[in-house]
Amino acid sequence: MHRHDSTRRALLGTGLVGIATVAAPLPRASAAPAPPAADAAWIDGVPPAGPGEGRMWGQAWPQGRLKRTTPLRLVDQEGRAVPVQSWTTATWPDGSVKWTAHAIPASLPPTGGYRLTPGRPATPAAPLTVRTLPDRIEIASGALRWQIARSGPALLEAQGAGGETLIAPAALIGEVRLGGPEAARVPLQGVIERAEVEQAGPVRAVVRVEGRHRGGGRTMLPFTVRLEAFAGSAGLRIVHSLVYDVDPDDAFVSGLGITARVPMRGALHDRHVRLATGPETLFAEAVRPLTGLRRDPGPAFRAAQVAGRAVPPIDQMRAPVPALLERIPAWDAFRLTQHSANGFTLAKRTGEGAAWIEAGEGHRAPGLAYIGSPQGGAAIAPRWFWQRHPTELEIAGAATDAAQLTAWLWSPRAPAMDLRPYHGTMGMEGYAAQNEGLNITYEDYEPGWDTPTGIARTSELMLWALPATPPSAQLVAMAQAAAEPPRLMADPAQLHAAGVFGDWGLPDRSTPMRAAIEDQLDRLVDFYAGEVDRRSWYGFWNHGDVMHSYDGDRHQWRYDIGGFAWANSELSPDLWLWTAALRSRNAQAFRLAEAMTRHTGEVDVYHLGRFAGLGTRHGVQHWSDSSKQPRVSNAAYRRIFYYLTGDERTGDLLRALTTSHEALRRVEIGRKVPGAKREALPEGVIEMTFGTTWAVLAGAWLTEWERTGDGKWRDRIVAGMDSIGRLPRGWLTGSAPYDLASGRFLDRGPKIQLSHLNAVFGAVEVNAELLRLLDVPRYRTAWLDYCRWYNAPRPEWLAKWGEPFGPRNLREGHSRLTAYAANATGDAALAARAAEEFLSGGAGLGLDPADPRRPLPGGGVEWPGISTNAASQWGLAAIQNLALIPAALDTATVPPRRARGGGGE
């Protein structure tokens, strides 16, 4: 018998039997009758100009209103039937549909929005078809055929009408420098190891491809690429996800890209190069120019070349130009390099060994390149091109039989990635010295734990196979739509009526207090969106994150001071921004949240290795802090985006988190806490906090239960809820030994251990959902006790518990817990207390009826006392308090003096 077996049985006691059963889901008190239809509209408020690409969105349904077998029909605002492909992404406990995702084809007439109703869906005029063959997967879209390889170095090919090749092939490429950032370049080639069809039309088809890059005798940088085709489109949407699995001291990645070989047809003067250089501008030239010559070929020739059409027959060209065409240099290669967020350069040359000639420069290129002729061509456009610098668009071989069109996600002309630690050990080999470092810079350093190995990055691109050179106006529109894709979103009122995502309400300015709170909510989103640009929070690894704390002396965010630098989801900015977007359909909030989700779910989280499933606490580098925790990899921060969009990559990340608790066998979160007693626990039992760990994990299990209907995830959640409810002090216990196998907490006797962090990483929001879905009375009582007593006045606390009161932090943010208890119990006095706590500004941001932003000398804006901790918690508390205690807020007052500052660990 293992030496811990008897101890483990004693700790478990009778807790493993009698797990609370799941009763019928609790009704939502404020739930409205389900609408007879479900509506979606554009987040920008207006439809995109002209025919666009296919689009997706998600829709929530009230419990019991929609069966999985019910077909859905779509019409636009003009009443026209629209082809739609629908699928279920989540169900309620009774099996009815909770969330659906929907795809519509490309090239639809502009409309302000769409409505879903039960009924037979329309099908596209040219439905997509998918065939799986021994060596490839074929997607047919009208006359266009995409051939996707199932193995090997070629990713795909494309054929147009008549079978002519438009792209042959496209591939993933890169390069690495081994041994140092200036070492010799080693080319990398992506090699496909697996491909599968995820959707097969008729509106949308998806093929998922997996593999790794190879070069120099090494295999590295595993990738997952999704290729999405929409009916009516000549393009593929590419979602490119890459895991950084190399040693940053040894391998310096110096290039990452997607390249396509484009057959060149026709005369050199009929070959067209197009590069988007601005919102409405295009670099439009030919391989052999006919404009600007000393001798004029004639206006028809010049006009045709500029427009991208075939020029008239040469015998109609003015003399002596036909005889001198070979004397006009043919430009073979073009580059647009965007190595910062605020500048790009253009250059071209006639061939290998020839000088590069400067062709222009500008501010921010949207990021589209085209090469082709009236007989066909290809275009490629990475999203977030200038925001994710250093990027590049390259065309080579334009004067040969086949051009190479490449989108570099990391430009090989830029310095190589250098992801090594930004400082040395500095005498901090032991925990005591590391805690001293934490005390001065707020950074939790530990040698060997500041590693990027295992992080990831997802990029989005469009690749088009085109039958001819498109008009310039069309290419400009394509560039803009790729750079900032138009987004459809479900009606916030209908989402709210469906009862999803806990406690929130629609914007409400019906009273002066509510209007003041709503105004500050809007100002906060606008301020952070502005700071991203003013402070240039851009770059391949940085884009999407925001800084943690502001330095008022330097008028600069503390980018170089330990834990005050990148926020890495600290205190839930992701959740605040998504809730703001959820209730308002505000484009600014949506796009800020989307970029953050693409960052925090990838870069701040480990996807392989010993830390897989955990995220990194805030720091100077996104991976530099040694605190690796589930609270950062948090499913609650991703699930709103997943359900609103149906994004499969985010679905992958959510699924991976269902087993992230296993990483805690290897990583002890509290290993450095000074003076902490290390209790010997049985094998398979770990100390686990209720909020920063268990509630975070429960969010992942809840999502998987909704997505699959598999009751094992529900049972695991209920085991945790029931066992917390059985503890003498319930949620006030703070943490307890947790049996990883059974999912139950073990009773060590009565204790109270409050932490200001336990409820601010999604626990409030996850619990609001769990308590509506699962009837576990003990847990409900335990959670309501915690909500009532965390912010309780000292005399009341001592009268109730008779234990030391202890310090409290984040009083303002925790006001929403008090509000939750007040709403659940109907306690008006408690509601008034919650309103006072919120408006006090205690360890938070506080409410400024006037705009607190002020200009900085030399330009820029600052918000005195701002921190992302404070903004996030104020934002969440404001939204939830407006939903839970609106009347109490109306009668409360803002005190003339209040504390400022963000609170923290």
Side-chain angles (χ1 to χ4, degrees), residues 422-423 437-445 450 455 524-525 527-539 541-578 592-593 595-597 599-605 615-629 631-634 637 692 755-757 760-762 809-810 812-813 843-846 852-853 860-877 899-905:
Y422 79 99
H423 69 69
L438 177 67
N439 189 40
I440 188 63
T441 67
Y442 201 28
E443 178 180 70
D444 188 355
Y445 171 76
D450 50 352
I455 66 172
L524 274 174
V525 171
F527 175 74
Y528 270 88
E531 284 294 89
V532 169
D533 199 50
R534 288 187 292 266
R535 308 289 180 168
S536 286
W537 292 338
Y538 297 124
W541 292 112
N542 295 333
H543 175 242
D545 207 352
V546 297
M547 287 282 165
H548 182 288
S549 294
Y550 191 71
D551 183 343
D553 295 323
R554 286 190 287 177
H555 303 292
Q556 172 65 275
W557 291 82
R558 296 190 239 179
Y559 69 95
D560 56 348
I561 306 295
F564 295 113
W566 291 114
N568 283 30
S569 297
E570 180 72 356
L571 270 61
S572 308
D574 324 54
L575 200 50
W576 155 51
L577 291 170
W578 275 123
L592 193 59
M596 186 173 288
T597 297
H599 172 91
T600 58
E602 305 270 2
V603 181
D604 299 347
V605 175
T616 301
R617 177 182 175 269
H618 40 105
V620 172
Q621 293 168 297
H622 300 285
W623 48 86
S624 56
D625 198 274
S626 73
S627 180
K628 314 297 183 184
Q629 297 199 34
R631 75 188 206 198
V632 182
S633 56
N634 207 324
Y637 300 159
T692 54
S755 166
H756 64 288
L757 297 180
V760 295
F761 286 87
N809 198 354
L810 303 176
E812 178 185 74
L845 189 66
R853 293 172 292 184
V861 177
E862 70 178 3
W863 187 312
I866 195 72
S867 76
T868 299
N869 281 3
S872 304
Q873 287 299 298
W874 188 91
L876 286 167
R900 285 192 183 272
E905 292 165 67

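Since this is a predicted model, take the numbers as computed values, not measurements. All residue numbers in this chain count up from 1 along the given sequence.
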Is the F564 ring parallel, tilted or perpendicular to the Y442 ring (thresholds 30°, 60°)? tilted
Interatomic distance, CZ@F527 vs CD@E862, rounded to 0.5 Å, equals 8.0 Å
Can you give me the closest heavy-atom contact between F761 and L571, atom names plus distance? CE2-N, 3.5 Å
Contact between Y445 and L438 at the side-chain level, heavy atoms closer than 4.5 Å - yes or no? no
Rounded distance (nearest 0.5 Å) linking atom CZ of R853 with atom CD1 of I866: 10.0 Å
L845 and L524, any side-chain heavy atoms less than 4.5 Å apart: yes
Polar side chain donor-acceptor pair, Y637 to T597, under 3.5 angstrom: no
The reported gap from CG in L757 to CG in N809 (rounded to nearest 0.5 angstrom) is 8.0 Å
Heavy-atom pair of closest approach, residues E812 and G846: OE2-N, 2.6 Å
Given side chains that start at C-beta, do those of H555 and Y550 come closer than 4.5 Å, heavy atoms only? yes
Taking C-beta and beyond as the side chain, do D551 and I561 meet within less than 4.5 Å on heavy atoms? no
With heavy-atom distances below 4.5 Å as the criterion, would you say the side chains of M596 and V546 are in contact? yes
Measure from the side-chain N and O atoms of S626 to the backbone N and O of D444, and report whether any donor-acceptor pair falls under 3.5 Å. yes
Could you tell me whether the side chain of L577 reaches within less than 4.5 Å of the side chain of V525, counting heavy atoms only? yes
What I'd like to find out is whether the side chain of R554 reaches to under 4.5 Å of the side chain of D560, using heavy atoms alone. yes
Identify the two heavy atoms, one from H618 and one from W566, that lie closest to each other, and give their separation to 0.1 Å. CB-O, 3.0 Å
Run T868 and E570 through side-chain contact (heavy atoms from CB on, under 4.5 Å) and show every step you take. CA-CA 8 Å; T868 299; E570 180 72 356; over 6 Å; no
Flag, side chain of N568 to backbone of D604, donor-acceptor distance under 3.5 Å: no
Among all residues two or more places apart in sequence or in another chain, which pass the ring pair (Phe, Tyr, Trp, His ring centres under 6.0 Å) test with H599? H622
Going by distance alone, is a donor N or O of one side chain under 3.5 Å from an acceptor N or O of the other, for E531 and W863? no
Would V603 and D545 satisfy side-chain contact (heavy atoms from CB on, under 4.5 Å), going step by step from the backbone distance to the final call? CA-CA 10 Å; V603 181; D545 207 352; over 6 Å; no
CZ/R631 to OG1/T692 distance, rounded to the nearest 0.5 angstrom? 6.5 Å
Minimum heavy-atom distance V605-V632, with the two atoms named: CG2-O, 4.3 Å
Which heavy atom of A565 sits nearest a heavy atom of G619, and at what distance? CB-O, 3.3 Å
Taking every non-hydrogen atom, the tightest pair across A870 and S867: N-OG, 3.0 Å
Rounded distance (nearest 0.5 Å) linking atom CD of E602 with atom CH2 of W541: 9.5 Å
In Å and rounded to the nearest 0.5 Å, what is the CG to OH distance from D533 to Y528? 16.0 Å
Please assess T441 against V620 for the test side-chain contact (heavy atoms from CB on, under 4.5 Å), listing each intermediate value before the final yes or no. CA-CA 10 Å; T441 67; V620 172; over 6 Å; no
Report yes if the side chains of N634 and S569 come closer than 4.5 Å at any heavy-atom pair, otherwise no. no
